[in-house]
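A quick write-up on the structure given underneath.
Quick caveat, the model's predicted, so the values are computed rather than measured. Along the sequence shown, residues carry numbers from 1. Both backbone and side-chain heavy atoms feed into the values below; hydrogens, waters and symmetry mates do not.
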Amino acid sequence: MMENRMFCYQCQETAGCKGCTISGVCGKKPEVAAMQDLLIYVTKGLSAVATRMREEGKTVSKDVNHMVTRNLFITITNANFDREAIRKAIEETVSVKQELLAGLDNKEGLPEAASWNGTPDTYDAKAKEVGVLATKDEDIRSLRELITYGLKGLSAYSKHANALLQDDEEVDAFIQKALAKTLDDSLTVNDLVSLTLETGKYGVQGMALLDKANTGAYGNPEITQVDIGVRKNPGILISGHDLRDLEMLLEQTQGTGVDVYTHSEMLPAHYYPAFKKYPNFAGNYGNAWWKQKEEFEKFNGPILMTTNCVVPPAESYKDRLWTTGAAGFPGCRHIDGAYGETKDFSAIIAQAKKCPAPTEIETGTITGGFAHEQVFALADKVVDAVKSGAIRKFVVMAGCDGRQKSREYYTEFAKRLPKDVVILTAGCAKYKYNKLNLGDINGIPRVLDAGQCNDSYSLALIALKLKEIFGLDDINDLPLAFNIAWYEQKAVIVLLALLYLGVKNIHLGPTLPAFLSPNVAKVLVDNFGIAGIGTVDDDLKLFFGE
């Protein structure tokens with residue numbers, strides 16, 4: 001890599017659908033990208049050491065598992081822009097890795113990343129050697145990155161489960177084993193294709209863990225109408241995915257005169273019964289992540305970013321933007337809190353009390369809460385509608401939203417769907433159509449929102465349940481089409497999970513990932529029927545014959 005240049009192509013909006021080389025479209029600067037590359041490298045080294053420990057019958061602590069998943073989460077698109085925080089994570093990781101390495105009986109055959117013991121003054125030089133382009137073979141590089149990005153998404157889901165004191169040692173061990181294997185030059189393309197599908201298997205397991213953690217703590221989501229207007233009190237806007245952060249914030253704002261609003265991927269929190277007991281849990285404010293600058297300006301109060309989807313803030317509200325967990329932005333205040341600890345939100349609450357109430361930007365309600373248990377409760381009604389022909393087909397339109405104009409395709413596609421087609425959705429992709437008046441079929445809304453991107457697990461369970469009810473041998477025989485929008489790495493693990501479950505003919509847009517080499521893309525097309533999107537007219541004809 002050249003001086004002051006970068007190479008990153010992990011998200012859908014990467015420059016020219018090839019790779020960001022000057023500065024990230026997301027706002028990430030080359031010096032931040034370099035530290036993220038080095039953090040991934042040392043995390044792979046730590047993972048190789050931890051994997052060898054397990055082979056020797058030694059125990060790997062939860063602290064090590066959590067360090068690996070935290071590090072991966074930090075590098076997800078739009079999560080952490082704070083170079084110094086990332087450098088600190090590198091330093092901590094190198095220190096832990098060296099300590100564990102000293103305790104191994106056999107150090108033979110470990111990758112160079114396992115033994116590298118650089119000091120902070122060597123970080124910049126080392127980062128130039130270990131980025132994406134360090135793997136010269138295009139197909140090996142493509143598969144290594146596909147696996148790594150899937151593991152990043154899986155780590156994000158693991159962190160949310162960890163926050164609720166739920167862990168899965170099998171998932172953590174796999175993440176570390178797979179990361180180590182991306183450093184193994186003896187592995188062939190076929191080996192890495194197999195590892196990619198295995199990543200999907202553990203993706204299902206990781207999403208099941210998070211589903212169990214969320215529903216165990218907060219109950220099963222239920223059909224809920226969420227207010228999108230505002231109240232007269234000052235407010236705090238909470239964004240991201242971490243429900244435990246929301247719970248702590250709601251507890252600490254009781255009786256303070258401060259209301260709490262959700263934003264973007266936090267919207268589905270309103271569907272959980274446990275959160276309905278808080279009188280100051282006001283509603284949802286705004287839309288998907290990419291509209292932050294306009295909407296955060298108008299919110300007037302502080303904003304808490306709990307995970308990724310941070311847009312570099314305007315100076316006018318930067319002092320109101322707070323981060324926690326893996327998120328970070330230089331100049332914004334960060335609220336710490338270790339595994340199992342209660343975070344102290346008193347400072348952000350104090351700031352909120354001094355702010356005006358939010359400016360109203362829309363009114364009305366949106367309906368959601370169609371996770372697996374709620375849909376199972378409606379199963380007879382759904383099956384009757386399918387058997388009678390009232391519902392001809394379901395289309396899964398889960399995934400991510402983004403700022404590109406080409407994503408208007410999804411709004412137009414939803415508007416023009418035949419009236420006997422139902423949308424199953426999860427993730428922030430829903431903001432392209434969840435405020436349209438698409439009506440219902442025999443009382444069943446035509447947009448069934450299961451929740452956050454991780455709740456794509458619910459959509460998989462619903463599909464498997466329908467397969468069982470209709471007595472089908474193959475999930476692909478269901479009246480079900482997949483037209484998924486993607487943006488970042490949590491969508492990658494969802495895709496790999498669906499492939500592991502045997503789902504074929506998934507359409508992925510608005511573009512196919514830049515990190516898929518032509519040969520790797522051909523493997524996905526030939527074996528799984530992966531395809532891009534076309535025009536709305538062409539795709540309506542393809543999916544529905546009209």
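- Minimum heavy-atom separation, S456 to C453: OG-O, 2.8 Å.
- Side-chain atoms of D191 and T188 include a donor-acceptor pair closer than 3.5 Å.
- Side-chain contact check for F7 versus T14: every heavy-atom pair is 4.5 Å or farther apart.
- In plain terms, the two heavy atoms of A414 and I423 that are nearest each other are CB-CD1, 3.9 Å.
- Side-chain N or O atoms of W486 include one that pairs as donor or acceptor with a backbone N or O of T511 at under 3.5 Å.
- Looking only at side-chain heavy atoms (C-beta outward), V447 and M397 stay at 4.5 Å or farther from each other.
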*When you look at I462 and F394, which way does the side-chain contact (heavy atoms from CB on, under 4.5 Å) test go after all the steps?*
CA-CA 11 Å; I462 290 165; F394 300 91; over 6 Å; no
Output side-chain donor-acceptor pairs under 3.5 Å for residues 364-382, partner residues at least two apart or in another chain, one line each.
from	atom 1	to	atom 2	distance (Å)
H372	NE2	D211	OD1	3.1
H372	NE2	D211	OD2	3.0
Q374	OE1	I223	N	3.1

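- Between F544 and F413, the ring planes are tilted. Angles from 30° to 60° get that label.
- The residue from Y285, F281, F275 that alone fulfils the ring-ring contact (aromatic ring centres under 6.0 Å, His included) condition with H270 is F281.
- In terms of modelled atom types and a separation under 3.5 Å, the side chain of D227 and the main chain of A282 share no donor-acceptor contact.
- Residue M305 comes nearest to S239 through the heavy atom pair SD-CB, 3.7 Å, listed as atom of the first residue, atom of the second, then distance.
- At distances below 3.5 Å, at least one donor-acceptor pair connects side-chain atoms of D455 with backbone N or O atoms of Q452.
- Under a 3.5 Å cut-off, the side chain of Q12 and the backbone N or O of P510 do not form any donor-acceptor pair.
- Between C428 atom SG and D401 atom CG the span is 5.5 Å, to the nearest 0.5 Å.
- In this structure, CG in D172 is found 6.5 Å from CG in N162, a value given to the nearest 0.5 Å.
- Taking OG1 of T43 as the reference point, atom CG of N71 lies at 3.5 Å (rounded to 0.5 Å).
- Interatomic distance, CD1 of I391 versus CG of N442, reported as 7.5 Å (0.5 Å rounding).
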_Evaluate L459 against F482 for side-chain contact (heavy atoms from CB on, under 4.5 Å), listing each step before the verdict._
CA-CA 11 Å; L459 303 184; F482 288 81; over 6 Å; no
*Could you go through the side-chain contact (heavy atoms from CB on, under 4.5 Å) check for L267 and Y431 one step at a time?*
CA-CA 11 Å; L267 160 66; Y431 283 100; 3.4 Å; yes
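- At least one donor-acceptor pair under 3.5 Å links the side chain of S23 to the backbone N or O of K28.
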*Dump the intermediate steps for side-chain hydrogen bond (donor to acceptor under 3.5 Å, both in side chains) on T262 and N284, then the final yes or no.*
CA-CA 5 Å; T262 56; N284 192 71; 2.8 Å; yes
*asked:* Quick one, Y157 with L209, criterion side-chain contact (heavy atoms from CB on, under 4.5 Å). Give me CA distance, side-chain angles, the key distance, then yes/no.
replied: CA-CA 9 Å; Y157 296 150; L209 174 71; over 6 Å; no
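- At a threshold of 4.5 Å between non-hydrogen side-chain atoms, the residues V503 and F528 do not count as touching.
- The minimum heavy-atom distance between P221 and T215, with the atom names listed, is CD-CG2, 4.1 Å.
- Counting heavy atoms from C-beta outward, Y202 and I493 have side chains that stay 4.5 Å or more apart.
- Proximity of a side-chain donor or acceptor of N80 to a complementary backbone N or O of A326 within less than 3.5 Å is detected.
- Electrostatic pairing of E198 and K201 does not count as a salt bridge here, judged by no charged N lying under 4.0 Å from a carboxylate O.
- Among all heavy-atom pairs drawn from G203 and L154, the shortest one is CA-CD1, 4.1 Å.
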*Carefully, step by step, assess K159 and T307 under the rule side-chain hydrogen bond (donor to acceptor under 3.5 Å, both in side chains).*
CA-CA 10 Å; K159 292 310 293 177; T307 58; over 6 Å; no
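- Of the N and O atoms on the side chains of N214 and H160, not one donor lies less than 3.5 Å from an acceptor on the other residue.
- Residues F543 and V421 fail the side-chain proximity criterion, which asks for heavy atoms closer than 4.5 Å.
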*How far apart are the C-alpha atoms of E265 and K490, what are their side-chain angles, what is the distance that settles it, and do they pass the salt bridge (Lys or Arg N to Asp or Glu O under 4.0 Å) test?*
CA-CA 12 Å; E265 279 278 65; K490 294 196 297 298; 5.9 Å; no
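- Atom NZ of K276 has more than 12 heavy atoms from other residues, nucleotides or ligands within 6.0 Å.
- Panel note: side chain K430, backbone G451; a donor-acceptor pair is recorded below 3.5 Å.
- Under 4.0 Å is where a charged nitrogen must lie from a carboxylate oxygen, and between D477 and K467 no such pair does.
- Comment: E138 does not engage R141 in a salt bridge, judged by the lack of any side-chain N to carboxylate O separation of less than 4.0 angstrom.
- Counting only distance, with no hydrogens or angles, the side chain of Y278 and the backbone of V260 share no donor-acceptor pair below 3.5 Å.
- Looking only at atom types and distance, the side chain of N78 has no donor-acceptor partner in the side chain of E488 under 3.5 Å away.
- Taking CZ from R231 and CG from D259, the interatomic distance works out to 5.0 Å, rounded to the nearest 0.5 Å.
- Ring-centre distance between Y261 and F299: below the 6.0 Å cut-off.
- Looking only at distances, no side-chain donor or acceptor of T224 sits under 3.5 Å from a matching main-chain atom of V226.
- Between P313 and F329 the shortest side-chain heavy-atom distance falls below 4.5 Å.
- When side chains are defined from C-beta on, I175 counts as touching L72, because their heavy atoms get closer than 4.5 Å.
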*Given salt bridge (Lys or Arg N to Asp or Glu O under 4.0 Å), test E247 with R244 step by step and report yes or no.*
CA-CA 5 Å; E247 180 184 26; R244 175 62 181 142; 2.9 Å; yes
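- No donor-acceptor contact under 3.5 angstrom links the side chains of T306 and D242, judged on distance only.
- Atom CH2 of W290 is separated from atom SG of C400 by 14.0 Å, given to the nearest 0.5 angstrom.
- Contact detail for L187 and I140: the closest heavy-atom pair is O-CD1, 3.9 Å.
- Other residues, nucleotides and ligands contribute over 12 non-hydrogen atoms within 6.0 Å of the CG atom of D526.
- There is no side-chain donor-acceptor pair under 3.5 Å between Y9 and E145.
- Residues T199 and L146 fail the side-chain proximity criterion, which asks for heavy atoms closer than 4.5 Å.
- Between the side chain of D168 and the main chain of E170, a donor-acceptor pair closer than 3.5 Å is present.
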